[in-house]
Amino acid sequence: MRKLQMVDLKSQYEKIKDTVNASIQEVLDTNTYINGPQVQQFQKSLEDYLGVKHVIPCANGTDALQIAMMGLGLQPGDEVITADFTFAATVEVIALLQLTPVLVDVEMGNMNISIEAIKKAITPKTKAIVPVHLFGRAANMDAIMDIANEHNLYVIEDNAQAIGADFTGRDGVKRKVGTIGHVGATSFFPSKNLGCYGDGGAIFTNDDALAHTLRGIVNHGMYVRYHHDVVGVNSRLDSIQAAVLNAKLPLLDSYNEARQNAARKYSKGFEGHKNIIAPTICDACDCHVFHQYTLRIIDANRDALMEHLLAKGIPCAIYYPIPLHSQKAYLDPRYKEEDFPITNQLVKEVISLPMHTELDDEQIRFIVDSVLEFFN
Ligand SMILES: Cc1ncc(COP(=O)(O)O)c(C=O)c1O
């Protein structure tokens with residue numbers, strides 16, 4: 001059996017080596033390391049893939065979120081509602097811009113931001129909602145857009161973990177997540193569903209004026225060279241990373257399918273087990289692209305299961321072990337433990353198994369058997 005890894009980028013690279021190498025070689029041959037034609041090509045291809053008017057490439061997913069918030073003109077003291085159960089980058093940029101983070105609980109079913117909790121958290125100072133499509137699964141964008149429209153709020157989708165996932169609206173139309181709110185942000189960190197070989201990110205929007213503003217912000221606030229109209233940042237996707245992404249974007253759907261197939265096999269193996277809640281996979285839509293395959297372990301010792309798996313050479317991880325509202329950097333006397341029952345439960349129950357495009361049947365069988373063996 002091939003060595004088990006949480007993410008197997010080497011085996012993936014072996015299969016696409018020729019295309020990726022040729023794409024990178026082009027950058028080296030043309031010496032266009034910054035803003036080369038590869039960046040524009042990637043921007044255009046991603047706009048086509050997502051069905052969005054504007055993609056603004058940038059240096060990483062954290063910057064993408066920050067720049068999106070800057071572009072919307074959010075001001076210190078504005079309240080921004082986001083999920084308590086996510087990676088810290090989401091809340092970090094809110095705090096960094098001196099906006100006021102308002103963390104709210106998530107829903108048990110999809111582990112995404114709770115619609116009821118958003119409604120309860122709205123005050124006259126609320127300006128934006130940041131849903132995170134956690135682990136690759138689309139948040140309930142119909143409900144979120146309804147609330148945003150009713151209260152005149154911006155929606156900034158954190159799509160770092162779900163590129164390529166679809167959300168089917170109540171109108172029956174499938175849209176790529178990240179393109180439904182006013183603005184979306186993603187990451188091309190190597191382990192992401194569409195990952196480059198370093199750092200990378202992008203912002204998406206259908207709003208022409210906002211796209212123009214964002215293009216200036218990523219480039220030191222310049223719209224005309226050496227004319228700095230707004231305070232900006234330096235956040236570029238470099239040409240070599242764009243070259244890697246140009247080689248990988250045409251494979252994104254097949255990569256997401258490979259992840260879904262692996263998830264299906266895992267979930268079948270865990271079906272009906274009294275201590276394991278496995279993620280559901282709907283066949284009719286692509287609302288989950290399995291950035292992570294995350295189980296909930298019920299009435300059993302999750303940490304002992306983790307030790308059991310690690311001892312057998314199976315990598316696994318707890319995403320995320322501490323709710324954001326309990327992290328030192330984000331403590332706030334307004335938060336009450338009883339407002340976060342689901343997140344507080346999830347951090348004790350979740351465990352993520354290896355998930356990537358190269359998992360084979362033998363590996364999946366071994367992982368499933370090893371998990372089941374723990375409960376015997
Ligand atoms: C939910 C979420 N948001 C934002 C980010 C930030 O992306 P990056 O690491 O590219 O800055 C990540 C990356 O792990 C993430 O998982």
Side-chain angles (χ1 to χ4, degrees), residues 6-7 9 42 46 55-70 80-97 99 101 103-104 106 110-113 128-139 141 144 155-165 177-178 181 183-204 217-218 233-238 240-242 244-245 248 256 259 288-294 317-325 327 329-330 343 346-347 350 352 355-356:
M6 206 60 192
V7 180
L9 289 175
F42 175 64
L46 190 59
V55 163
I56 297 98
C58 64
N60 57 66
T62 310
D63 277 7
L65 286 165
Q66 177 181 329
I67 294 159
M69 290 176 202
M70 290 169 76
V80 179
I81 299 174
T82 194
D84 191 35
F85 190 56
T86 175
F87 180 59
T90 324
V91 68
E92 177 179 277
V93 296
I94 300 173
L96 204 66
L97 292 173
L99 313 173
L103 294 166
V104 299
V106 295
N110 62 12
M111 301 187 194
N112 281 322
I113 195 162
I129 307 169
V130 187
V132 182
H133 304 293
L134 197 73
F135 301 151
R137 181 161 26 198
M141 289 307 294
I144 292 166
V155 173
I156 302 155
E157 290 177 77
D158 182 341
N159 195 29
Q161 300 190 5
I163 194 150
V177 296
V183 58
T186 203
S187 161
F188 304 121
F189 185 81
S191 64
K192 296 292 194 250
N193 291 34
L194 177 61
C196 55
Y197 294 164
D199 275 310
I203 313 157
F204 329 131
I217 293 175
V218 297
V233 294
N234 170 18
S235 186
R236 295 185 280 241
L237 178 70
D238 74 61
I240 289 183
Q241 298 311 332
V244 173
L245 292 164
K248 290 181 75 175
N256 282 342
R259 287 171 180 271
H288 198 336
V289 291
F290 290 93
H291 177 56
Q292 300 297 346
Y293 181 85
T294 304
I318 309 303
Y319 304 121
Y320 297 95
I322 304 171
L324 287 178
H325 79 270
Q327 297 281 1
Y330 304 109
T343 303
L346 286 175
V347 295
V350 288
S352 297
M355 174 48 76
H356 53 81

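We use all heavy atoms of the structure for the numbers below, so side chains are in, but hydrogens, waters and symmetry mates are not. Both ligands and their constituent atoms are indexed starting at 1 by order of listing.
- Protein heavy atom nearest atom 16 (O) of ligand 1, with residue, atom name and distance: Gln161 NE2, 2.8 Å.
- Regarding atom 8 (P) of ligand 1, its nearest protein heavy-atom neighbour is Gly61 N, 3.5 Å.
- Every atom of ligand 1 is numbered from 1 in the order shown, and the set under 4.0 Å from a heavy atom of Ala89 is 4 (C), 5 (C), 6 (C).
- In this structure, the side chain of Asn193 does not engage the main chain of Gly136 through any donor-acceptor pair within 3.5 Å.
- Closest to atom 13 (C) of ligand 1, if we only count protein heavy atoms, is Lys192 NZ, 3.0 Å.
- Interface atoms of ligand 1 facing Val132, defined by a heavy-atom separation under 4.0 Å, are 1 (C).
- Residues Phe42 and Phe188 place their aromatic rings such that the two centres sit under 6.0 Å apart.
- Within ligand 1, the atoms closer than 4.0 Å to a non-hydrogen atom of Thr86 are 1 (C), numbered from 1 in the order shown.
- Counting heavy atoms closer than 4.0 Å to ligand 1, residue Thr62 contributes atoms from both its backbone and its side chain.
- For atom 1 (C) of ligand 1, the closest heavy atom belonging to the protein is Asp158 OD2, 3.4 Å.
- With hydrogens and angles ignored, the 3.5 Å screen pairs no side-chain donor or acceptor of Lys192 with any backbone N or O of Ala160.
- With Val132 as the partner, the side-chain contact (heavy atoms from CB on, under 4.5 Å) test is satisfied by one option alone out of Ile113, Val106, Thr82: Thr82.
- Side-chain N or O atoms of Glu157 include one that pairs as donor or acceptor with a backbone N or O of Gly181 at under 3.5 Å.
- Between the side chain of Asn256 and the backbone N or O of Ile163, at least one donor-acceptor pair lies under 3.5 Å.
- Taking the six-membered ring for Trp and thresholds of 30 and 60 degrees, Tyr319 and Phe135 have ring planes inclined between 30 and 60 degrees apart.
- Atoms of ligand 1 lying under 4.0 Å from at least one heavy atom of Asn60, given by number and element, are 10 (O), 11 (O).
- The single protein non-hydrogen atom nearest to atom 15 (C) of ligand 1 is Ala160 CB, 3.5 Å, given as residue, atom name and distance.
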